[in-house]
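Input: a single structure, listed below in structure tokens.
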Amino acid sequence: MTLPIIRVHWLDESRAFRVLWLLEHLKLDYEIIPYKRNEGYRAPDELKKVHPLGRSPLIELEDRETGKKKILAESGYIFQYVLQHFDKSNILSFSSTDSEEKVDYFLHYVEGSLQPPLMIEFLLSMVKKAPIPFPLSYLTGKITGKISEKYSQGEVKNQFDFLEGEIAKNGGYIVDGKLSGADILLSFPLQMAFERGFAKPVEYPGMDKWLKTITSVDSYSAAKQKANAHGGKF
């Protein structure tokens with residue numbers, strides 16, 4: 001099978017890093033087309049020329065014979081497509097249908113269940129740190145605290161407890177005892193969770209060890225080097 005030309009439309013300081021890591025681990029050749037965030041820390045308008053939503057990551061696939069191009073958007077879908085079409089040796093995939101279905105589930109789980117409460121906790125923490133004068137700061141602190149207490153904080157704990165249990169029963173990985181696309185896609189939100197103090201190693205030793213294990217592979221370091229070479233900060 002002749003593989004298409006693969007181009008990654010990559011935004012600095014974004015979750016697009018996981019796509020680089022995925023492609024590195026599968027030893028696929030690809031090009032990086034870098035974009036810089038604007039003054040408002042948003043993606044530049046140039047990305048809208050690639051996809052109407054103007055978000056990253058985006059993968060552009062070009063047929064080497066016909067020149068026909070296809071744009072893949074959304075991290076979970078990108079992972080699913082790449083694994084199904086380009087991982088014929090099961091480097092990150094499984095021969096078992098049950099295991100593959102678990103991977104597919106987690107590719108949707110990351111953005112569907114895990115990311116939303118984590119994002120709410122992050123936004124609430126930013127509000128708490130904002131330079132708001134008293135007494136407004138007191139009121140905002142009370143409001144954000146109640147939102148966190150009633151929804152996002154408990155939901156985050158629920159998600160972390162679930163993942164800690166999955167890692168414990170799957171040999172230190174998310175699915176069936178080996179590195180998969182699910183591990184790579186889950187890496188970013190859980191890295192951020194530990195860095196921001198939403199998760200602590202003493203509370204989630206399995207997740208902490210898992211994260212150290214998966215980020216010790218050569219493909220992770222190779223992806224970091226390429227990201228740094230294009231303006232990333234790792």
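- The NE2 atom of His51 sits 8.0 Å away from the CD1 atom of Ile71 when rounded to the nearest 0.5 Å.
- For Pro205, the side chain to side chain contact (heavy atoms under 4.5 Å, CB included) criterion is met by Glu164, not counting sequence neighbours.
- Considering only residues two or more places apart in sequence or on other chains, Tyr77 meets the ring-ring contact (aromatic ring centres under 6.0 Å, His included) condition with none of them.
- Hydrophobic clustering of Ile, Leu, Val, Met, Phe, Trp and Tyr side chains at less than 4.5 Å, counting indirect connections, keeps Phe17 apart from Leu11.
- Rounding to the nearest 0.5 angstrom, the gap separating the OG atom in Ser93 from the CG atom in Leu26 is 7.5 Å.
- Annotation: side-chain hydrogen bond (donor to acceptor under 3.5 Å, both in side chains) contacts of Lys169 (sequence neighbours excluded): Glu166.
- Between atom CG of residue Asn90 and atom NZ of residue Lys178 there is a gap of 6.0 Å, rounded to the nearest 0.5 Å.
- Other residues, nucleotides and ligands contribute only 12 or fewer heavy atoms inside 6.0 Å of the CG atom of Asp29.
- Of the residues Leu58, Val19, Ile59, the one that meets the side-chain contact (heavy atoms from CB on, under 4.5 Å) test with His9 is Leu58.
- Between Lys102 and Asp98 there is no salt bridge, since none of the side-chain N atoms of the basic residue sits less than 4.0 Å from a carboxylate O of the acidic one.
- Under a 3.5 Å cut-off, the side chain of Arg37 and the backbone N or O of Asp12 do form a donor-acceptor pair.
- Both Trp21 and Phe86 sit in one connected hydrophobic cluster of ILVMFWY residues. Membership requires side-chain heavy atoms under 4.5 Å apart, directly or through other members.
- Looking only at side-chain heavy atoms (C-beta outward), Leu179 and His25 come within less than 4.5 Å of each other.
- Shown here are the side-chain hydrogen bond (donor to acceptor under 3.5 Å, both in side chains) partners of Glu62, two or more places apart in sequence or in another chain: Arg7.
- Among residues two or more places apart in sequence or in another chain, the side-chain hydrogen bond (donor to acceptor under 3.5 Å, both in side chains) test is passed with Lys70 by Tyr81.
- Shown here for Leu72 and Ile78, the closest heavy-atom pair between the two residues is O-CD1, 3.6 Å.
- The hydrophobic clustering, which links ILVMFWY residues whose side-chain heavy atoms are closer than 4.5 Å, places Leu47 and Trp10 apart.
- Residues Arg18 and Val110 meet the side-chain proximity criterion, which asks for heavy atoms closer than 4.5 Å.
- The shortest distance between side-chain heavy atoms of Ser14 and Pro57 does not fall below 4.5 Å.
- In this structure, Arg64 contributes its side chain and Leu3 its backbone to a donor-acceptor pair below 3.5 Å.
- The ring-ring contact (aromatic ring centres under 6.0 Å, His included) search around Tyr204 returns Phe160, not counting sequence neighbours.
- Side chain of Lys48 to main chain of Pro44: no donor-acceptor pair is present (N/O by atom type, distance under 3.5 Å, no hydrogens or angles).
- Side-chain contacts under 4.5 Å among hydrophobic residues (ILVMFWY), followed directly or transitively, place Phe188 together with Met192.
- Put simply, Tyr35 and Val8 are part of two different groups of oily side chains (I, L, V, M, F, W, Y) that touch within less than 4.5 Å, one to the next.
- Atom CG in Asp183 sits 6.0 Å away from atom CH2 in Trp210 (nearest 0.5 Å).
- Within the model, atoms CD1 of Ile184 and CG of Leu83 stand 8.0 Å from one another, a figure rounded to the nearest 0.5 Å.
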Margin query: If you apply the rule side chain to side chain contact (heavy atoms under 4.5 Å, CB included), what do you find for Lys27 with Ile91, and how did you get there?
Written below: CA-CA 10 Å; Lys27 301 186 185 306; Ile91 297 171; 5.7 Å; no

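- Taking the salt bridge (Lys or Arg N to Asp or Glu O under 4.0 Å) definition, one finds that Asp63 meets it with nothing, sequence neighbours left out.
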Margin query: I'd like to know whether Glu111 forms a salt bridge (charged side-chain N to carboxylate O under 4.0 Å, His left out) with Arg55, so could you lay out the CA-CA distance, the side-chain angles of the two residues, the decisive distance to 0.1 Å, and finally the verdict.
Written below: CA-CA 15 Å; Glu111 303 291 330; Arg55 302 182 65 186; over 6 Å; no

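- In this structure a side-chain-to-backbone donor-acceptor pair under 3.5 Å is present from Ser180 to Ala182.
- Among residues at least two apart or in separate chains, side-chain hydrogen bond (donor to acceptor under 3.5 Å, both in side chains) pairs with a member in residues 184-199 are Gln191-Tyr220.
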Next item on the list: Give the C-alpha distance, both sets of side-chain angles, the deciding distance and a yes or no for side chain to side chain contact (heavy atoms under 4.5 Å, CB included) between Phe106 and Leu163.
Entry: CA-CA 10 Å; Phe106 279 107; Leu163 291 171; 4.1 Å; yes

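- Taking the side-chain hydrogen bond (donor to acceptor under 3.5 Å, both in side chains) definition, one finds that Glu101 meets it with nothing, sequence neighbours left out.
- Between Lys88 and His85, the shortest heavy-atom contact is CE-O, 3.3 Å.
- By the salt bridge (Lys or Arg N to Asp or Glu O under 4.0 Å) test, Asp208 pairs with Lys212, sequence neighbours left out.
- Here the side chain of Asp176 pairs no donor or acceptor atom with the backbone of Ser99 at under 3.5 angstrom.
- Rounded to the nearest 0.5 Å, atoms CZ (Phe198) and CG (Leu118) are 7.0 Å apart.
- Of all the heavy atoms in Leu20 and Ala227, the pair that sits closest is CD1-CB, 4.1 Å.
- A donor-acceptor distance shorter than 3.5 angstrom exists from the side chain of Glu100 to the backbone of Phe94, with no hydrogens or angles considered.
- Heavy atoms from other residues, nucleotides or ligands lying under 6.0 Å from CD of Glu74 number 12 at most.
- You'll find the side chain of Asp45 stays beyond 4.5 Å of the side chain of Asn38, heavy atoms only.
- Both Met119 and Val156 belong to a single network of hydrophobic side chains, linked directly or stepwise wherever heavy atoms of I, L, V, M, F, W or Y lie under 4.5 Å apart.
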Notebook entry, point to check: What's the verdict on side chain to side chain contact (heavy atoms under 4.5 Å, CB included) for Glu46 and Ile33, showing C-alpha distance, side-chain angles and the deciding distance?
Noted result: CA-CA 11 Å; Glu46 286 85 352; Ile33 301 176; over 6 Å; no

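- Tyr30 meets the ring-ring contact (aromatic ring centres under 6.0 Å, His included) test with no other residue; sequence neighbours excluded.
- Among all heavy-atom pairs drawn from Gln115 and Pro189, the shortest one is OE1-CB, 3.4 Å.
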